[in-house]
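What follows is a set of notes on a single structure, which appears directly below.
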There are 2 protein chains.
Amino acid sequence: MSVTESTGLRERNKRERRRRLEDVAIDLFERDGFDKTTIEQISAAAGLAPRTFFSYFVSKDDLVLGDYAERLGRILEALERQPITMPAWDALRASFAVVASDYATEVDRLIRRFRIMSATPSVYARSLQLQAGWEHTLAAHLAARLDAGPDDPRPRLLAATALAVMRASLQHWLTTGQTQPLPTLVQAAFDQLGRGLDQDP
Amino acid sequence: MSVTESTGLRERNKRERRRRLEDVAIDLFERDGFDKTTIEQISAAAGLAPRTFFSYFVSKDDLVLGDYAERLGRILEALERQPITMPAWDALRASFAVVASDYATEVDRLIRRFRIMSATPSVYARSLQLQAGWEHTLAAHLAARLDAGPDDPRPRLLAATALAVMRASLQHWLTTGQTQPLPTLVQAAFDQLGRGLDQDP
DNA sequence: TGCAAAAATGCAGTCAATGCAATTATGTTC
DNA sequence: GAACATAATTGCATTGACTGCATTTTTGCA
């Protein structure tokens with residue numbers, strides 16, 4: 001108990017402040033725009049010194065992306081859980097379903113961030129960069145799963161396609177005002193690509 | 001003639017200097033790394049004042065990407081040329097074939113840039129950002145071609161997938177040492193997605 | 001309470017990028 | 001070929017993100 005509490009307190013404070021920074025930053029970004037908000041303003045609003053900001057976030061961009069990284073990491077976990085006998089595309093479909101429903105639970109939070117992301121090139125670029133990182137590791141996992149050699153194009157193709165599907169669905173979901181549930185959209189897109197793009201929808 | 005020559009001179013000088021900046025920059029990036037090379041060094045090496053650099057390139061990143069934007073623009077032109085009766089995925093396949101062979105003609109130049117791009121997060125991010133821009137316009141074109149409404153997910157899905165295919169193929173081509181021709185790889189990937197990812201290769 | 005580790009902070013500095021004003025080069029016109 | 005309008009180059013000052021380093025404060029534990 002003492003151990004949990006002791007290390008827990010530091011950790012908790014750290015998480016709280018990180019969260020606070022995110023929150024005030026998002027508010028300011030929405031009010032004044034990303035570029036017109038300075039690190040100085042953000043840290044002041046969070047009650048911290050400017051220098052301290054950088055021990056919580058490596059860059060201003062990362063304020064908006066927050067747990068983006070963590071969330072995509074769950075795809076890999078989910079992928080690991082799929083039986084090895086399952087065809088690769090099916091396994092991907094199942095894994096992405098998990099993340100899709102995760103997303104759907106936090107619509108409001110997500111939408112605010114997405115708005116800022118779409119309006120701010122540097123942030124958008126950073127999000128794509130993160131995605132590219134996962135595409136890479138996802139491809140590595142798939143290569144293992146498919147027992148594919150380094151000159152087998154399939155892992156890369158599958159990873160790239162799956163993330164493209166996710167991104168396109170997410171964007172569609174957000175721009176159409178969430179008329180259809182995200183998981184449904186994602187599944188439909190995976191199905192379409194499973195059947196083949198030569199086929200009519 | 002006089003007109004062509006007159007305006008031509010200014011334009012030509014401008015293009016030459018732009019080119020010179022690119023070239024010296026690539027050399028320096030390869031030698032010292034992107035981040036350790038300053039705008040000051042680049043402009044000095046090109047015989048220009050630092051301030052002048054920014055009338056040729058909006059950012060340091062763009063030095064590496066060069067004609068990236070222009071090249072992707074050809075996809076759209078090619079797409080316009082495909083008969084409207086051709087199924088969308090076939091039209092995309094044909095359009096991307098054009099760009100794929102374009103790439104293949106400039107392997108050396110391309111590879112140097114790709115190395116820097118892969119090694120430099122900010123540059124890579126910027127390239128993805130450019131691609132995202134094209135994905136957007138490509139989707140718009142496809143929407144017109146398919147006569148699709150704003151809540152039809154197909155244009156976005158097709159655009160995202162096609163660019164994913166291109167990116168994955170390009171990466172595969174470069175990392176496998178160009179053992180197979182790029183157009184072949186791209187066609188194979190398009191075919192695979194046409195047949196459907198549920199099918200075995 | 002006292003101590004060691006961790007976190008916060010201040011300060012100085014680098015570098016990309018921008019705005020503005022002044023200067024220089026270029027192409028055209030007479 | 002000289003004067004002139006325009007475009008390009010340049011210098012200067014400034015902003016703001018980000019980093020390294022040294023110092024101070026806070027925190028959890030003995």
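Chain identifiers are assigned alphabetically (A, B, ...) following the order of the sequence lines, protein sequences preceding nucleic acid strands; residue numbering begins at 1 within each chain.
Across the protein-nucleic acid pair, B/Arg12 atom CZ and C/dA25 atom P stand 19 Å apart, rounded to whole Å. One can place CZ of B/Phe57 at 18 Å from C1' of C/dT18, the figure rounded to the nearest angstrom. One can place NZ of B/Lys14 at 13 Å from C1' of D/dT6, the figure rounded to the nearest angstrom. Rounded to whole Å, atom P of C/dT14 lies 14 Å from atom CD of B/Gln41. Put simply, CZ on B/Arg17 is 8 Å from C1' on D/dA8, counting in whole angstrom units. The distance from atom CG of A/Leu48 to atom C1' of C/dA6 is 15 Å, rounded to the nearest whole Å. When rounded to the nearest whole Å, the span between NZ of A/Lys36 and P of C/dA17 equals 19 Å.
Residue A/Thr52 has a polar side-chain atom (N or O) positioned under 4.0 Å from OP1 or OP2 of C/dT9. One finds a side-chain N or O of B/Tyr56 lying less than 4.0 angstrom from the OP1 or OP2 phosphate oxygen of D/dT9.
The closest side-chain heavy-atom distance from B/Phe34 to B/Leu28 is not below 4.5 Å. Using a 4.5 Å cut-off on side-chain heavy atoms (C-beta onward), B/Arg17 and B/Tyr56 make contact.
Scanning for salt bridge (charged side-chain N to carboxylate O under 4.0 Å, His left out) contacts around A/Arg74 gives A/Glu70, A/Asp102, with sequence neighbours left out.
The OH atom of B/Tyr103 sits 12.5 Å away from the CZ atom of B/Arg109 when rounded to the nearest 0.5 Å. With values rounded to the nearest 0.5 angstrom, A/Arg126 atom CZ is found 11.5 Å from A/Leu63 atom CG.
Under 4.0 Å is where a charged nitrogen must lie from a carboxylate oxygen, and between A/Asp108 and A/Arg112 no such pair does. Residues B/Asp198 and A/Arg93 are paired through a salt bridge, judged by an N-O separation under 4.0 Å between the basic side chain and the carboxylate.
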Margin query: Across nucleotides 11-21 of chain D, 5' to 3', mark each nucleotide with B, S or - according to how protein heavy atoms within less than 4.0 Å reach it.
Written below: BB---SSBBBB

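Taking five base pairs at each end of the helix from C/dT1-D/dA30 to C/dC30-D/dG1 and finding the rotation axis that steps the C1' atoms of four pairs onto the next four gives two axes whose angle is 10°, to the nearest 10°.
Within 6.0 Å of CZ on A/Arg18 lie more than 12 heavy atoms contributed by other residues, nucleotides or ligands. A 6.0 Å sphere centred on CD of B/Glu40 holds no more than 12 heavy atoms belonging to other residues, nucleotides or ligands.
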